[in-house]
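Being a predicted model, the structure only gives us computed values, none of them experimental. Numbered from 1 within each chain, the chains take letters A, B, ... in sequence-line order.
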Amino acid sequence: MRSALKTLFAINPGNSFKAYIETSVSLLKDFSKQGLFTHGSVLHAHLIKMGISSENYIAIKLLIMYLNSRKSAETDQILKEFNGFNLVVHNCLIAANVDWGNLDGARQLFDEMPHKNEVSWTALISGLLKHGRVEEAMWYFERTPFQNVFISTAGISGLVKNGLTFEAIKVFLKMLQSGVMPNDITFTSVVRACAEFGDIGLGMSVLGLIVKVGFEHNLSVSNSLITFSIRFGEIDLARRIFNQMENRDVVSWTAILDMYVEMGDLREARRVFDEMPERNEVSWSAMIARYSQSGHAEEAVKLFHHMVQDGFRPNTSCFSSTISALASLEALQSGKNIHGHVAKIGIERDVFVGSSLIDLYCKCGKTEDGHVVFDSILEKNVVCWNSMVSGYSLNGQLEEAKELFDQIPKKNNISWNSMIAGYLENEQSDKVFEVFNEMLLSGETPSESTFSSVLCACASIASVQKGKNLHGKVIKLGIQYDTFVDTALTDMYAKCGDIESSKRVFNRMPTKNEISWTAMIQGLAENGFAEESLTLFEEMEKTSSVAPNELIFLAVLFACSHCGLVDKGLWYFNSMEKVYGVRPMNRHYTCVADMLSRSGRLLEAEKFITTMPYQPEINAWAALLSGCKTHTNERIAERTARKLSELSEKKSGGYVMMSNIYASAGRWIDVLSTRKLMKEKGVKKSGGCSWVEVRNHLHLFYSQDETHSESADIYGILELLKSEMLIL
DNA sequence: ACGCTTTTTC
């Protein structure tokens with residue numbers, strides 16, 4: 001650019017005045033586009049010296065440049081040189097105001113114009129549509145006296161941008177009927193409309209038209225057709241279009257890269273990326289984003305650094321994807337570094353960057369810092385709000401989350417899901433249902449994710465009635481074949497003890513993931529179907545590619561423990577790490593301790609607990625003590641009880657069991673002394689609790705202290721029933 | 001003047 005300027009300065013304009021102006025104009029255009037305003041003002045000064053700065057073409061380009069750089073003094077200076085606003089100046093001002101988001105200003109300028117041409121109309125209509133002001137845009141669209149390809153295309157693409165794909169297609173058909181010839185850009189927009197409308201047949205007939213009119217070898221039309229094919233899973237078609245292209249640009253390559261990601265083949269995508277003839281910030285950001293979204297956060301961050309090393313300047317997308325990756329890695333320090341960087345280049349307040357920064361700080365437990373970012377975003381969209389709400393939820397700050405949630409101007413599905421998930425994570429099931437009902441009343445349709453959370457809440461309070469009600473809603477919405485929903489249903493029915501329904505849902509699932517298998521194996525084991533649970537585990541190993549995880553092993557050990565298959569259990573336990581590469585956790589050791597104790601192998605259990613690599617859980621000792629009770633072994637019981645009293649100064653389980661052991665052995669004095677010890681140490685026996693659900697209301701019954709408000713009536717009815725049973 | 005590829009939250 002600098003050399004271009006030098007060459008220009010060396011030319012004597014007297015020789016070819018027209019060429020000189022043309023060169024100046026194209027230079028100004030480039031400077032303006034690339035933001036090289038210093039170059040621009042140097043050229044401006046030179047043009048003044050040459051006495052041609054007021055040439056119409058040059059003055060317009062100078063105006064555009066100063067408008068783009070928001071230099072108001074210089075802009076005013078140029079405007080003064082025009083004698084009153086002419087049509088072209090007006091159009092420039094409208095375009096600039098649209099760029100600045102000042103749509104009211106643009107409209108006012110437009111309305112005040114004495115003469116408007118098609119450029120004025122197109123600029124205003126597309127500007128309004130770009131900023132989501134569809135109704136106003138359509139008002140002008142219906143009243144324009146001009147009928148040409150630009151205005152129609154502006155209307156079509158704008159409608160597509162606003163999600164009104166059907167309206168866009170209608171405008172396209174009307175355009176064809178009135179004899180206006182579509183151009184490449186029209187087709188690009190219409191193909192996108194077909195993809196988003198979800199009608200492959202419509203898209204295919206548009207493709208026919210494209211071929212008929214001869215646009216099938218156009219670059220951007222082919223690019224949009226690739227995207228269209230991928231969206232409908234037509235991989236072969238996408239590849240065919242790509243292969244038949246005469247020239248491919250970075251967009252075509254990025255689209256085909258995305259195809260492999262869509263197919264779940266990240267490796268092939270990376271191969272395409274590495275072999276692309278040309279890359280731009282978008283290709284980089286596509287690859288970074290895809291790594292980040294598929295859970296390869298480290299790789300995403302690595303690629304970001306690689307990109308910077310290669311001399312590319314990351315754009316907003318790269319930054320937001322990278323920050324999001326850092327958030328999932330909880331890499332606060334690296335995140336802060338990037339935060340500093342985005343602040344320096346002035347995109348800190350961008351909604352994408354801002355939302356991921358909020359997420360970063362909240363995932364690292366710094367909700368206050370997240371809130372500072374949140375407050376700094378001037379034009380918050382719903383994603384910013386959602387990030388902040390889920391950030392608070394994540395950190396257990398439910399009051400803050402709810403307060404913010406209630407203030408969201410336009411909630412979307414994810415807003416509701418964040419709030420519901422927040423209450424679920426913090427075990428406030430009642431609030432889960434409360435917000436869910438609120439959601440239904442607001443008219444928002446629950447999604448797969450919503451059901452997965454609410455069903456999980458049903459499972460946690462074992463409310464089969466609520467669960468069945470939800471199951472009905474799921475079927476009504478037609479989302480009963482979703483893996484997440486079905487897994488939640490399987491788990492809910494199992495946790496509620498309705499193992500038959502649980503199995504029915506599980507068996508008809510089209511695809512099962514790791515969590516689905518875990519839910520069913522665990523469900524069977526915990527409902528007393530130990531053999532079936534083990535059979536299912538073996539079936540999983542044989543028929544699916546799912547590798548057993550910690551939780552599945554826990555269920556397997558639990559099952560072995562409950563059907564007395566001690567040796568099988570021990571075999572699984574020993575092969576966990578050796579064969580499957582799953583390191584047993586403390587809970588697995590506890591489970592084995594329980595298994596040995598239950599079967600009466602008390603000495604073995606005791607040895608197992610004392611030699612395990614973790615600090616034994618209280619439950620491990622409690623299990624042994626319980627085993628001592630069933631198999632009446634007072635000596636080990638006393639040793640164990642001592643251990644327990646050391647470990648569980650505050651937890652009452654050990655003492656309760658110990659007193660029960662003494663009781664079963666008839667040593668009442670010891671029972672009394674243990675109870676006394678408990679009282680002295682301030683240990684309270686945690687009461688048992690059971691419940692029934694009657695007409696959507698939960699009735700709780702405690703073994704002590706609290707009594708049901710209608711306790712007297714309930715016992716009355718119970719007596720009545722008892723007497724009737726005796727009569728029969 | 002109108003377009004294609006990428007970005008944030010559950």
### Task
Give a yes or no on whether the ring-centroid distance for A/W385 and A/F405 is below 6.0 angstrom.
no
### N/O (side chain, A/S126) to phosphate O (OP1/OP2, B/dC2) under 4.0 Å
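Checking B/dC2 against A/S126, a side-chain N or O does come within under 4.0 Å of OP1 or OP2.
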### Query
Per the atom types in the model, does the base of B/dT7 pair as donor or acceptor with the side chain of A/S321 at under 3.5 Å?
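Per atom types, no contact qualifies.
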### Query
Taking N and O atoms by type only, does the side chain of A/S387 place a donor or acceptor under 3.5 Å from a partner on the base of B/dT9?
no
### Salt bridge A/K336-A/D369, side-chain N to carboxylate O under 4.0 Å
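No salt bridge links A/K336 with A/D369.
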### Message
I'd like to know if A/E196 and A/R231 make a salt bridge, using a cut-off of under 4.0 Å between side-chain N and carboxylate O.
### Response
yes
Applying a 4.0 Å non-hydrogen cut-off, can you work out what [X] is touching in the nucleic acid: base, sugar-phosphate, or nothing?
X	value
A/A421	sugar-phosphate
A/N183	base
A/S449	base
A/N315	base

Can you tell me the distance, in whole Å, between the [atom1] atom of [X] and the [atom2] atom of [N]?
X	N	atom1	atom2	value
A/F110	B/dA1	CZ	C1'	13 Å
A/D350	B/dT6	CG	C1'	13 Å
A/R290	B/dT6	CZ	P	7 Å

### Task
Show your reasoning for whether side-chain contact (heavy atoms from CB on, under 4.5 Å) applies to A/W121 and A/F141.
CA-CA 8 Å; A/W121 284 90; A/F141 189 76; over 6 Å; no
#### Entry: Closest to side chain of A/N280, choosing from B/dC2, B/dT8, B/dT5
B/dT5
